[in-house]
Every structure is written in structure tokens, then in C-alpha cells.
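Here is the structure we will look at.
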Amino acid sequence: MKLKMIPKIENRVTARAAVLVIGSGGREHALVWKLKQSPSVKEIYCAPGNAGIAELATLVSIKANDVEGLFQFAAKNRIDLTVVGPEVPLVKGIVDRFEKDGLKIFGPSKRAAELEGSKAFAKHFMEKYHIPTANFHTFTRAQSAEAERYIQQHSAPLVVKADGLAAGKGAVVCQTQTEALNILDEFFGKNIFGEAGSTVVIEEFMQGEEASVFVLTDGTDYQFLQPAQDHKQIFDDDRGKNTGGMGAYAPAPVVTNTVMKRVEEEIVKPVLRGMREEGRTYKGCLYVGLMITAGGPKVVEFNCRFGDPEAQTVLPLIDGDLFEILSASAVGSFGSIKVNHHDASAVCVVMASRGYPDEYETGKIIHGLESVRAEDGIVVFHAATKKQNELFITAGGRVLDVTAIGYRSDLEGTISSAYSAVKRITFDGAYYRSDIGKKGLRHNE
Ligand code: AMP
Ligand code: GLY
């Protein structure tokens, strides 16, 4: 099948802009891949990037959280637009630093990024603006006795969350009150998340199916990307430990047009308005983590960036110039932007190292990458690879994000196409889930 949404990447003579992408995972590879297709992009730098990204961009050896180092690089190299992948530099205020000296950057300011950086802030904000979310209470370390009492007075399951950034490990769903009390002790007593865990949110458990909705905005005008679904647990049927995400697909049919309309009216509009009213105008990508409950969509969490691995599915579906879209968000001219989508579906299967999300080995040679071709509707985004003697080797827990793009009406075919590519790629200890996208088929029945 020949699909026009995977165009051959080439440097065009009309090229102008220099872009810097910050981060080093599959999400950043997808951003670089999509930006490379823009006629107005001349040169892409990625800091620090990975071996897969190096095929499309010039790698810059500056860490993603080195805000001042990144600013100096962008200023010196006359970067026209910087695109931030991960949350840590955003929460540290990279956007404020760039904008102070007039550099264009895609992402929210430090105060706006608090929607992800502080769960307590996000929950109080939602309460103030009547945005549907789980009932909750927040407690500081000094209030640990009250927190214990709160747990004893509320029936399980309960969810205990660290307030600050905890690399995706800060939320624990507790099936019993005893488990919740133990987790509270880990956060407050054993201090496992340090400062990030010095305030906790304890909230009611919401029943339903999860989905991720991405909003691109300049703070006032906004456009939606296709709704996606992540697969957070390590084993099939959502069993086992939480990971960074073992696969994703989009569009996710659980987010029907009716659900999307409710998300827009009940969540997105009040969030953007509320953030403006609070003097925290939100621009960039707002990731709305949803639980689709019997009573409608409710917010599980906000993130201040694209999801990973969801980005690997939603970015290829955009029928348009990503550079133009992200620039318009950065400069506040989003009213002129209309994001169109291909009539397609995308499925991304993460290939991980044996042992992930616990200890795993790296340095394994990856075979079969040459057998996977864009002409067949497949793109392999690299999450963690290195090059050694001209060969790609594994360099992390999540290694490759094998992404298939197919017809929207044929999610099943797109899933098969992703798995047929996955089976042609091998490395010692490669592990992947075998049910990515299956939930979507259930809805399509
Ligand atoms: P968070 O870091 O807030 O996104 O939480 C991580 C994961 O925990 C989510 O993706 C959900 O699977 C689960 N979770 C968090 N909060 C709740 C809740 N209130 N009810 C049900 N599941 C939740
Ligand atoms: N896919 C989950 C995240 O990016 O946080």
C-alpha cells in the first residue's frame, strides 16, 4: 500500500528555517521526522537526540534540562524555532528564558507548565473552574496525620499522588486503605520522591477507559489532534507494572464526537480561559489525560507537552506543515491555523529491552531495520539507540517505536501491519505487548 502521508524526506531548495528540538526519545524522533517534511525548514538540530534522530537532524550534545546551555546554543546558532519535547525543561522555565531574549519557542511558560509540574495546583485549578475530575484532597508533610485520617475515612480504591514531577511513577492506585497508608509513608516518611513528594494528592478512583487528547494552542485559539490511547502497563490486557508507555494508537474510537464535544466545552475551553484569568496563559501542547467514565469525560491529569508514545501516532496523522503550526502557537497567531488530518489511523508498538521497567541490559545489536520501509506505511522511531561500528544497538528500556500508518477505516489492518514489521526487527531480549490497539477494535465492532 502506498500512502502519501509518509513522503520521502529530502532537503528542498526553498528551505529557510533552523529548528532545535529538545529531547532524546521516540516522541522527539517523531517531531523531527514531521518537521523535516516542512518546506520551510532548512536545518534541524536535536539536543541531545539519539542514533535514529541523527539520520534526520544534527545532534547537539546538550542535556534536555540544561536550560542555559540550550539557550546559549539557540542564540549562537540563530535558531528560528525551538520545540521542547519533555516536561522537565518546561517546568524549569525554558520558555521564559528563551522569550526573555526574544527567541521563539514552542511550549508553555513555567507558570503555565505547573498544570503538569504540580498536581496540587492542577487539582485546585480544576476545582475553581468546575472542570470534571476525581474528588480529592491535598496534604503537606506537616499534615500527615490528617492524610492518614482521610484515608481511613474514605473507601478504597484510592489514588495517592506525589505533587511534583516523578518521572511517571508518582501516582499509585491503591486497592486497600492499608496499601494507601503504606504509600503515604513512602512519600512522607521514607521521602522516596524528595521535594516532589512533600505534598500529596489523595483522590477517588475513577472507573472507565483512559484516553489522551492533545490540544495545540497559543492560549486563546486552539485545535485538536486526533485522540489517542496509550498502553501504560508492561503486560497484555493492562496487567503488570506501569511503564512509560508500551504502545499507542489513534484515532481512539472511545473518544466519540459526542465525548470530544464535551471535552471541548467542559474541559478545554474552561482550562484555557482559566489559565488566562490566572495570568498563566497556556500555549504549546496541552495533553489532557482523560477517564471516560459513565458520567462523561473526567481529567486524570494534565501534561504540558506531547505524550510519548502517543506523539508517534498523532503527529503522522496531521495533514499539514508542523513548522507552521508550532510557530503559530509560539508567536500567538494560532487563529490563522486549521489542523487537518489524513483519513488514516496510526499504531505504534514499543519494542523494549528484557526486564524493563525494572533493570535491563543494553548494547544489543538490532537487526532487520532495513527490512522496514516507508513505502509499506511503516516508520520506526527510535526511543533509545546508539550506533556502534555502523550498527544500531539498544541503549535504554524502551528502544524502538514501530509505527504503522494505514486507512482510518481499517484499524485492524494497521495493527497487523505494525506487528508484521515488529516481527522483522530483532534484538536479544526484545519484548513488546501483543495487544496494542485491541481496545479500539472492540469499539469498532
Ligand atoms: P497520573 O500520573 O496522574 O497520570 O496517573 C498515572 C495513572 O494512574 C493514570 O494513567 C491512570 O491509569 C491511573 N490513575 C491516576 N489517577 C486515577 C484516578 N483518579 N482513577 C483511576 N485511575 C487513576
Ligand atoms: N504517554 C504518557 C505520557 O507521555 O505521559
Side-chain angles (χ1 to χ4, degrees), residues 23 25-28 30-31 84-88 90-91 113 115-123 126 131-138 154-175 180 183 187 193 196-197 200-214 225 227-234 238-250 252 254 285-295 297-315 348 350 357 381 383 398 401 433 436 439:
R27 165 182 53 204
E28 288 74 25
L31 282 165
V84 189
E87 63 277 14
V88 173
L90 292 166
V91 171
L115 272 186
E116 174 167 4
S118 166
K119 288 189 193 289
F121 167 75
K123 295 294 290 192
M126 285 189 270
I131 293 161
T133 187
N135 291 327
F136 74 101
H137 217 287
T138 63
H154 289 79
S155 50
L158 286 166
V159 189
V160 182
K161 299 183 178 186
D163 173 50
L165 293 184
K169 299 193 178 78
V172 187
V173 177
C174 303
Q175 296 305 334
I183 294 295
F187 284 17
F193 291 121
V200 299
V201 176
I202 303 178
E203 65 181 35
E204 110 191 89
F205 177 80
M206 296 182 286
Q207 198 78 49
E209 199 171 322
E210 279 183 75
S212 315
V213 163
F214 300 95
L225 300 186
Q229 223 167 15
D230 188 7
H231 297 67
K232 287 204 168 108
Q233 284 87 1
I234 186 74
D238 297 338
R239 287 176 303 109
K241 286 195 175 162
N242 256 335
T243 70
M246 293 303 294
Y249 73 100
V254 65
C285 176
L286 176 68
Y287 170 140
V288 185
L290 292 169
M291 189 69 79
I292 316 299
T293 71
K298 292 189 178 180
V299 176
V300 176
E301 62 163 348
F302 292 119
N303 292 320
C304 61
R305 49 166 175 87
F306 290 100
D308 186 344
E310 294 100 315
Q312 292 86 310
T313 63
V314 298
L315 294 173
C348 167
V350 174
F381 297 118
R398 291 187 296 170
D401 303 326
R433 270 179 66 157
I436 304 301
K439 275 190 213 157

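Each ligand, and each atom within it, is numbered from 1 in the order the structure gives.
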Check whether any N or O atom of K232, backbone or side chain, sits under 3.5 Å from an N or O atom of ligand 2, and answer yes or no.
-> no
Nearest-0.5 Å distance that lies between atom CG in D308 and atom CG in N303 = 11.0 Å
Could D163 and K123 be called an ion pair, given the rule that one side-chain N must be under 4.0 Å from one carboxylate O?
-> no
Below 4.0 angstrom from a heavy atom of D230, which ligand 2 atoms are there? Numbered from 1 as shown, please.
-> 1 (N), 2 (C)
CD of E28 to CD of Q312, rounded to nearest 0.5 Å, is 8.0 Å
What distance separates H137 NE2 from L158 CG, expressed to the nearest 0.5 Å?
-> 13.0 Å
Under 4.0 Å, heavy atoms only, figure out whether ligand 2 is touched by the backbone of R27, its side chain, both or neither.
-> neither
Between ligand 1 and the protein, which N/O pairs fall short of 3.5 Å?
unit_1, atom_1, unit_2, atom_2, d
ligand 1, 2 (O), K119, NZ, 3.3
ligand 1, 3 (O), K119, NZ, 3.2
ligand 1, 3 (O), K161, NZ, 2.9
ligand 1, 4 (O), E301, OE1, 3.0
ligand 1, 4 (O), E301, OE2, 2.9
ligand 1, 10 (O), E210, OE1, 2.7
ligand 1, 10 (O), K232, NZ, 2.9
ligand 1, 12 (O), E210, OE1, 3.4
ligand 1, 12 (O), E210, OE2, 2.4
ligand 1, 16 (N), K161, NZ, 3.0
ligand 1, 16 (N), E203, OE2, 3.4
ligand 1, 19 (N), E203, OE2, 2.7
ligand 1, 19 (N), E204, O, 2.9
ligand 1, 20 (N), M206, N, 2.8

May I ask you to decide if K232's main-chain N or O and T243's side chain share a donor-acceptor pair within less than 3.5 Å?
-> yes
Flag the pair E209 and K439 as a salt bridge only when some basic side-chain nitrogen lies within less than 4.0 angstrom of an acidic carboxylate oxygen.
-> no
Check ligand 2 against N303 and write out every atom of the ligand that is under 4.0 Å from a heavy-atom position of the residue.
-> 5 (O)
Element-labelled atoms of ligand 2 that are located less than 4.0 Å from some non-hydrogen atom of Y287 = 1 (N), 2 (C), 3 (C), 4 (O)
Per-atom contacts of ligand 2 with E310, taking only distances under 4.0 Å to non-hydrogen atoms = 1 (N), 2 (C)
Honestly, for R305 the part within reach of ligand 2 (heavy atoms, under 4.0 Å) is side chain
Criterion side-chain contact (heavy atoms from CB on, under 4.5 Å) against T133, the qualifying member of E204, E301, M126, M291 = M126
Indicate yes or no: at least one non-hydrogen side-chain atom of E116 is less than 4.5 angstrom from one of F302.
-> no
State the atoms of ligand 2, each with its element, that fall below the 4.0 Å cut-off from a heavy-atom position in G307.
-> 4 (O)
Heavy-atom side-chain contact between V200 and K161 under 4.5 Å = no
Could you walk me through whether Y287 and E310 pass the side chain to side chain contact (heavy atoms under 4.5 Å, CB included) check?
-> CA-CA 10 Å; Y287 170 140; E310 294 100 315; 2.8 Å; yes
